[in-house]
Number of protein chains: 2
Amino acid sequence: MDLVANFVRRYELDSLISPDLLEALTPLRRMPGEFIIGSGEPVRSLFFLVEGRAKAYRVLENGQSILAAFFGPLDVLGEVELFSSPRYALSVVALEESVCLALPVEAVKKAAERNSRLFMYLCARLGEKLDDRNLAESINLRYPVENRLASYLLASMDGEGSILGTDDLGELADFIGASYRQLGRVVRRFRGEGILEKARGRIRVLDRAKLAPYARDLYLGTECRIRPEAFGP
Amino acid sequence: MDLVANFVRRYELDSLISPDLLEALTPLRRMPGEFIIGSGEPVRSLFFLVEGRAKAYRVLENGQSILAAFFGPLDVLGEVELFSSPRYALSVVALEESVCLALPVEAVKKAAERNSRLFMYLCARLGEKLDDRNLAESINLRYPVENRLASYLLASMDGEGSILGTDDLGELADFIGASYRQLGRVVRRFRGEGILEKARGRIRVLDRAKLAPYARDLYLGTECRIRPEAFGP
DNA sequence: GATGCTATAGGACATATGTCGTATCCGAAG
DNA sequence: CTTCGGATACGACATATGTCCTATAGCATC
């Protein structure tokens, strides 16, 4: 059985993509920690994340990195730069073992007339992402680190409390836009409340219920809500 | 001479929009302070801002409002919600006397097949906006109020130093995500440096050159860089 | 002009966060 | 087992920002 065809059927991608374009879909497997997209690389493909989870982040000139988004199936990656930039702005790295279907950008542009639904879908998801960023930015500007940390943890923990993204405190500090020191203070407080445990710079969530009240919906709404079927015939 | 046709020619909108859709374009004039889009209203039109300037902002549940973006010709308004939401997320208000060309959304959706260039353009501008927000968010998270204020002022002042958006300190505080008190402190400092003057809760820029170093490129890159011609035949 | 109301500016203090430096812990090498 | 080097944790202090409260200016009414 064909892997690509299987995913296409599962997510009804054929309602978005014309048959000739469907043939150009190439599967791409990534293990946790591996790059799906590297910031600065030339934009060659549009990706559909069909399995696994991933996160996108930006690296600033001073070396700090900032978390931008989490992704899960079904979502699109690389559509931000598709028509607006020759190079990827953000890096995307797999959190779990993931599968993407890659579509060459030239093929997409060439077959534009036959794929108006795909473009509507892209516009839809872009609009959604923009709105999410806007809201998250507003909240980030208003809430202290403890809320941002709680949100990150809830968004990236698995069932056992392990952190799928990074549980490294230094990296985490960069991600949520705080100093290592401040993050350490919050972690210590959370640890005191029995919310999480820490060992050698890594953390694990012990009590999800106690963590939730701190999270303020920061990342809760950032998963993809747009459904391909909505653009079907 | 036809107003709409004039703008269409000036910005080569006919390279994006099919003739039948062009006929559906309706001009819309707004004076400073008037709404172009109201948050929460049903999404009925896609707007092309062809003259004047405008700003978009979000109102949070607690009543605070947060500045999201500035717009000038040529730009698109309402494309964020076009396919992703039945209601406008942000409010857009004119800063100067402005003219928009409105396109009914049903017409856009119906004529999708014939307007792939328009959709590429929308994707391009959406990608650009998303990238801008991402960057701005990163910077906002890292820089203090004095930098955010300086950026706002530079982005919204006219040649004489008057503020086109709002020069009301209370509103301004909401916009840049600071408390009234903190904004007052920064204003006092800037006044001491001869950068601006204040009278009865309103401010005016006196020395643009002294203000610039504080601004850190926060809003500098947010204007539209996508050109319609780039999608021409 | 006196009285009083409302808005604005700014003081005082608490909190959040950042920077710097040191004590401490851990693993590796001997 | 001991010692060294680097990583980690955290105290001490500075800064940024928020909250609350009050003095006073500006304005309106009498």
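A, B, ... follow the sequence lines: proteins, then strands. Residue 1 opens every chain. Keep in mind that the numbers below use all heavy atoms, side chains included, and drop hydrogens, waters and symmetry copies. Predicted model, so just to flag it, every value in this text is computed and none were measured.
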- Note on the structure: B/S/- along nucleotides 9-22 of chain C (protein heavy atoms under 4.0 Å) is SBBB---SBBB---
- Separation of A/Ser156 OG from A/Leu67 CG (nearest 0.5 Å): 8.5 Å
- Item | Pair A/Phe119 and B/Tyr121, ring centroids less than 6.0 Å apart | no
- Query: Which is it for B/Arg185 and B/Glu146 under the salt bridge (charged side-chain N to carboxylate O under 4.0 Å, His left out) test, yes or no, and what are the steps along the way?
  - Reply: CA-CA 9 Å; B/Arg185 279 191 272 253; B/Glu146 59 173 24; over 6 Å; no
- Message: So, taking the atom named OH in A/Tyr214 and the one named CG in A/Leu154, what distance separates them when rounded to the nearest 0.5 Å?
- Response: 12.0 Å
Can you give the donor-acceptor pairs under 3.5 Å from side chains of residues 49-58 of chain B to other protein atoms, not counting sequence neighbours?
from: B/Arg53; atom 1: NH2; to: B/Ala155; atom 2: O; distance (Å): 2.4
from: B/Arg58; atom 1: NH2; to: A/Asp131; atom 2: O; distance (Å): 3.4
from: B/Arg58; atom 1: NH2; to: A/Asp131; atom 2: OD1; distance (Å): 2.9

